[in-house]
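The block underneath contains the structure these notes are about, expressed in structure tokens.
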Amino acid sequence: MLDQILSRLTDPTTSLARIGTAQFDSAIFTGDASFGSATFTRDARFNSATFAGTAWFGSAIFTGDASFGSATFTRDARFNSATFAGTAWFGSATFNGDALFDSTTFAGTALFDSTTFAGTALFYLATFTNAWFDSATFTQDAQFDSATITGQARFGSAVFAKDAWFDSATFIGEASFISASFERASSLGPLVCGGVLDLSAASFGAPVTVEVAARRLVCRRTRWSETATLWLRYAEADLSDAVFEYPLAVADRQRPFTARAGTTLDESVLAGLPEQARVTSLRGVDAAHLVLTDLDLSSCLFSGTIHLDQLRLEGRSQFRTAPMGVHRHGWLPVRHTHRSTLAEEQHWRHTRPDAAPGWLAAPPGVDVVQPGALAAVYRALRKSYEDSSNEPGAADFYYGEMEMRRADPGTDRAERGLLTAYWALSGYGLRAARALGWLLAAVTFTVLVMMLWGLPKDGTPSRTTGTITGQHITLTTHSPDPANPAGSVRKRLTSDRFEKSLRVVVNSVIFRSSGQDLTTAGTYTEMASRFTEPVLLGLAALAVRGRIKR
């Protein structure tokens, strides 16, 4: 009967069927249904139709809307190279055999909501404007290799029972896999997404490798039940509240991805973006099994991360640095030294009324974390670096921890004063130049005091007096106290007195007594210098050690 109908609708010039409005709702095709190369000039409706044999729609052209809602394809459904100019609706359809849509063009929206693919779903080289596969079920392999979606791609709550092939797939706009389930997929990608790739609440049940070049990757509440590796390019990755029971490695991919066929993925939709991947949030994550490699962490939010001290940071992980230069803090000039800082500290300092220009403002909707909580975050990250024997990396986080302790309103006044002195003298034992500067100033000041008041007047003689009693002679020697130098300041600042003063001060730096007779002022000055100057020297040595130890 179908052959008779199509023979009446065959264009004699092309020998191809040309159909206007086609209404096959609830029709039952007991044998093969061949609509290959047919042209539907108006809407085509196959709602609730049953195809008992093979459904042939290869190279068919649907000028209007095509509706296959709730249709049942008992055997293979072939839509190879078909063209859908309008909406293609396959909602709640069932494909018991293979669904072949390779090289198919969907100029309108392709709706496969709640569709069941019991066989292989092949969309190789397919072109979509909008592709909606919400709640679709792929029992066998789902192949979207080299597919292109120019608009929205939605796979929300879709179930991929086996492999989900998106090799060389390109999403020009957004791609949503919210609550999708990848039960046995071993890989996802490599794919390119010009917008947001959303894997929020998605679950991966098998070891998987995800290769993504995207503007943004969202993995909020995403669950990995086995080991996983995320290779990223360009992407800003949000891992808030992600759950992983086994090691998860997130790494930056420096070179473009290569498809299985050996071709390099076209990343032109991401032109102009920095290639290094960035992580923007780890809040709510248990970082005990997390490894971050070669990532930009300058805007990453760490507060609220569990087991942050067990996080592994490898490669050239980058943090935002403090603004350089001299800035005014009240009426005092303050110079911020070069160090790595967390984004949360940047946000907090930006809110300060006397904040220096260059601190990063908090994004909309992000709470500003206070110094007391930030000190704990810095402490955990410092331990993470120390456990991996990266002392230079740990040094900056120690500096940040001390800064937050000093700025915390809960720190008592005595401790804050001690921390302030520690910061001013040596940058918490991490700034060798500062400690050496103070040491040089202390030595210079001590030498000057010694020259002016510490060394006695030259040539003070010893006096000996004798008492003769019978045949016994008793001699008593009196050494007079060293006399303070007299004369003008110019007479005291001589090269000879400088040499003696320098010898006294240098000996005091290394806890040695100079053996030089000193005045009362010189004695107390030497005592003070023998305490302060070795401390400054030790702080300088500690700072150098913290920068070169591995």
Side-chain angles (χ1 to χ4, degrees), residues 76-82 90 95 97-106 110 112 115-128 131-150 152-172 174-194 197-199 202-214 217 219 222 224 226-233 235 253 256-267 269:
D76 294 349
R78 298 181 177 272
F79 290 83
N80 318 68
S81 302
F90 289 84
F95 294 87
D98 294 340
L100 308 178
F101 289 85
D102 49 306
S103 301
T104 301
T105 300
F106 297 91
F112 287 86
T115 301
T116 300
F117 298 89
T120 300
L122 180 61
F123 290 86
Y124 174 71
L125 284 175
T127 302
F128 299 86
W132 294 358
F133 288 84
D134 293 332
S135 300
T137 300
F138 299 89
T139 306
Q140 301 297 323
D141 292 348
Q143 300 184 21
F144 289 83
D145 296 352
S146 301
T148 302
I149 300 94
T150 58
Q152 287 188 344
R154 290 170 34 179
F155 292 84
S157 300
V159 177
F160 297 89
K162 290 190 176 180
D163 281 325
W165 300 104
F166 286 86
D167 186 21
S168 300
T170 301
F171 300 90
I172 305 299
E174 297 182 357
S176 173
F177 289 84
I178 297 176
S179 299
S181 177
F182 299 87
E183 296 178 356
R184 296 174 57 186
S186 60
S187 65
L188 181 62
L191 59 85
V192 176
C193 182
L197 178 61
D198 198 341
L199 294 174
S203 61
F204 294 85
V208 64
T209 299
V210 179
E211 297 176 302
V212 172
L217 174 65
C219 294
T222 305
W224 285 273
E226 297 287 346
T227 57
T229 301
L230 273 63
W231 289 102
L232 306 178
R233 282 178 58 78
R253 176 67 175 263
F257 293 114
T258 303
R260 290 195 300 272
T263 58
T264 301
L265 269 64
D266 182 9
E267 300 176 345
V269 296

What distance separates Ser146 OG from Leu191 CG, expressed to the nearest 0.5 Å? 11.5 Å
Identify the heavy atoms of Ala259 and Leu265 that sit nearest to each other, and give their distance. N-CD1, 3.8 Å
Can you see which heavy atom on Leu197 is nearest to which on Ala214, and at what distance? CB-CB, 4.5 Å
Of the non-hydrogen atoms in Thr222 and Leu199, which two are nearest, and what is the gap between them? OG1-O, 2.6 Å
Trp231 CH2 to Thr209 OG1 distance, which is reported to the nearest 0.5 Å: 9.5 Å
Find the distance between CD (Gln143) and OG1 (Thr120) and round it off to the nearest 0.5 Å. 6.5 Å
Between the side chains of Arg260 and Asp167, is the shortest nitrogen-to-carboxylate-oxygen separation below 4.0 Å, so that they form an ion pair? yes
Between OG on residue Ser176 and CG on residue Asp198, distance to nearest 0.5 Å: 5.0 Å
Could you tell me whether a side-chain N or O of Thr137 sits under 3.5 Å from a main-chain N or O of Thr116, the two making a donor and an acceptor? no
OG1 of Thr170 to CD of Glu267, rounded to nearest 0.5 Å, is 10.0 Å
When Phe177 is tested against each of Phe166, Phe133, Phe144 for ring-ring contact (aromatic ring centres under 6.0 Å, His included), which residue passes? Phe166
Working note: Val159 + Glu183, criterion side chain to side chain contact (heavy atoms under 4.5 Å, CB included); need CA distance, chi angles, decisive distance, verdict. CA-CA 8 Å; Val159 177; Glu183 296 178 356; 3.5 Å; yes
Between Ala185 and Ala164, what is the shortest heavy-atom contact and its length? CB-N, 4.0 Å
CG on Asp141 to CZ on Arg184, rounded to 0.5 Å: 9.0 Å
Is any side-chain heavy atom of Asp145 less than 4.5 Å from a side-chain heavy atom of Ser168? no
In terms of heavy-atom contacts, Asp266 and Val192 come closest through O-CG2, 3.7 Å
Asp163 side chain vs Ser186 backbone, donor-acceptor pair below 3.5 Å: yes
Parallel, tilted or perpendicular, as decided by the 30° and 60° cut-offs, for the rings of Phe155 and Phe171: perpendicular
Parallel, tilted or perpendicular: which fits the ring planes of Trp224 and Phe204, with parallel below 30° and perpendicular above 60°? parallel
Which of Phe123, Phe128, Phe79, Trp132 passes ring-ring contact (aromatic ring centres under 6.0 Å, His included) with Phe112? It is Phe123
Determine, for Arg78 against Asp98, whether the closest basic-nitrogen to carboxylate-oxygen distance falls under 4.0 angstrom. no
Is the count of non-hydrogen atoms from other residues, nucleotides or ligands lying under 6.0 Å from Phe257 atom CZ greater than 12? yes
Residue pair Ser187 / Trp165: nearest heavy atoms and the distance that separates them: OG-CZ3, 3.9 Å
May I have the step-by-step check of side chain to side chain contact (heavy atoms under 4.5 Å, CB included) for Leu230 and Val210, ending in yes or no? CA-CA 5 Å; Leu230 273 63; Val210 179; 4.2 Å; yes
Note, Asn80 side chain near Leu100 side chain (heavy atom, < 4.5 Å): yes
